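Numbered from 1 within each chain, the chains take letters A, B, ... in sequence-line order. FYI, side chains are in, hydrogens and waters are out, and symmetry mates aren't considered; it's all heavy atoms of this structure. Keep in mind that what you see is a predicted model, and the values were worked out from it rather than measured.
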Amino acid sequence: DVKVTQSSRYLVKRTGEKVFLECVQDMDHENMFWYRQDPGLGLRLIYFSYDVKMKEKGDIPEGYSVSREKKERFSLILESASTNQTSMYLCASSSDRRGTDTQYFGPGTRLTVL
Amino acid sequence: AQSVTQPDIHITVSEGASLELRCNYSYGATPYLFWYVQSPGQGLQLLLKYFSGDTLVQGIKGFEAEFKRSQSSFNLRKPSVHWSDAAEYFCAVGLNTGGFKTIFGAGTRLFVKA
């Protein structure tokens with residue numbers, strides 16, 4: 001069974017803080033993704049990575065950065081948190097670049113920025 | 001631009017009744033199509049996917065979906081809903097644009113009444 005874990009289920013931060021969200025997958029997947037989920041907007045892709053030290057911008061990368069130093073770990077960084085980054089953040093992984101990939105999701109981190 | 005539309009924000013059905021959740025997509029080529037389910041407090045889980053072959057696809061938990069190219073639709077169905085099916089359902093389109101990317105619909109929340 002693929003397992004994707006996220007470091008926190010709930011997080012409360014203050015405006016201007018630097019925030020790290022960690023994601024780890026245990027199935028040696030090549031691809032990892034960070035999404036944010038907001039009511040009425042579904043999931044929107046922030047960043048993704050096809051390989052170690054490789055990253056590509058998704059649809060809404062502004063205000064975020066990522067790091068992938070090891071294959072199993074993909075970190076999302078909010079350089080200076082703002083209230084409009086209050087959201088649910090979902091990490092996912094998948095096995096290869098073919099279009100038939102199933103994505104496996106972590107349970108999510110609900111981030112509140114005060 | 002590619003998009004996925006789920007016209008119903010929420011649906012309420014009685015336990016034991018049939019269910020159909022609608023999904024329409026906009027994409028020039030043959031898409032890869034997915035339905036995911038998100039139970040409260042959980043990440044997303046794949047219900048079923050379509051990428052070629054038989055246009056009627058069977059998934060887990062008794063769900064099925066039918067791809068209709070002429071209508072650009074991929075509606076999800078279940079003949080008899082159980083209370084445990086109450087969740088949010090996301091339709092998604094996989095795009096092979098040099099790297100695989102998934103676009104999610106806004107989701108449909110299903111309520112089940114006794």
Using salt bridge (Lys or Arg N to Asp or Glu O under 4.0 Å) as the criterion, list what pairs up with A/Glu69, not counting sequence neighbours.
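So A/Glu69 forms a salt bridge (Lys or Arg N to Asp or Glu O under 4.0 Å) with A/Lys53.
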message: For a salt bridge (charged side-chain N to carboxylate O under 4.0 Å, His left out) check, start with the C-alpha distance between B/Arg77 and B/Glu66, then their side-chain angles and the critical distance, and finish with the verdict.
response: CA-CA 8 Å; B/Arg77 301 194 293 249; B/Glu66 187 171 12; 3.2 Å; yes
Segment of [X] engaging chain A (4.5 angstrom heavy-atom cut-off):
| X | value |
| --- | --- |
| B/Gln45 | neither |
| B/Tyr36 | side chain |
| B/Leu44 | both |
| B/Gln38 | side chain |

Practice problem: Just grab all the disulfide bond (SG atoms under 2.5 Å apart) pairs involving residues 26-62 of chain B, residues at least two apart or on different chains. | Solution: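 For residues 26-62 of chain B, and leaving out neighbouring residues, there are no disulfide bond (SG atoms under 2.5 Å apart) pairs at all.
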Discussion item. Give me the atom names and distance for the closest heavy-atom approach of B/Phe34 to B/Gly94.
Written reply: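 Taking every non-hydrogen atom into account, CE1-N, 4.0 Å.
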Taking all non-hydrogen atoms of both residues into account, name the closest pair between A/Ala81 and A/Val113 and its distance.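 Of all heavy-atom pairs spanning A/Ala81 and A/Val113, the closest is CB-CG1, 3.9 Å.
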key: Given B/Tyr32, B/Tyr50, B/Trp35, B/Phe51, the one that forms ring pair (Phe, Tyr, Trp, His ring centres under 6.0 Å) with B/Phe67   =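 Between B/Phe67 and the candidates, ring pair (Phe, Tyr, Trp, His ring centres under 6.0 Å) is satisfied uniquely by B/Tyr50.
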Give, as side chain, backbone, both or neither, the part of [X] having an atom under 4.5 angstrom from any heavy atom of chain B.
| X | value |
| --- | --- |
| A/Asp38 | neither |
| A/Leu45 | side chain |
| A/Arg110 | neither |
| A/Glu56 | neither |

query = Ion pair present between A/Asp28 and A/Lys71, side-chain N to carboxylate O less than 4.0 angstrom?
reply =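 A salt bridge is present here (some side-chain N lies under 4.0 Å from a carboxylate O).
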ask   = Between A/Gln6, A/Arg44, A/Arg9, A/Gln37, which has the largest tally of heavy atom pairs under 4.5 Å with chain B?
value =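 Looking at each of A/Gln6, A/Arg44, A/Arg9, A/Gln37 in turn, A/Gln37 comes out on top.
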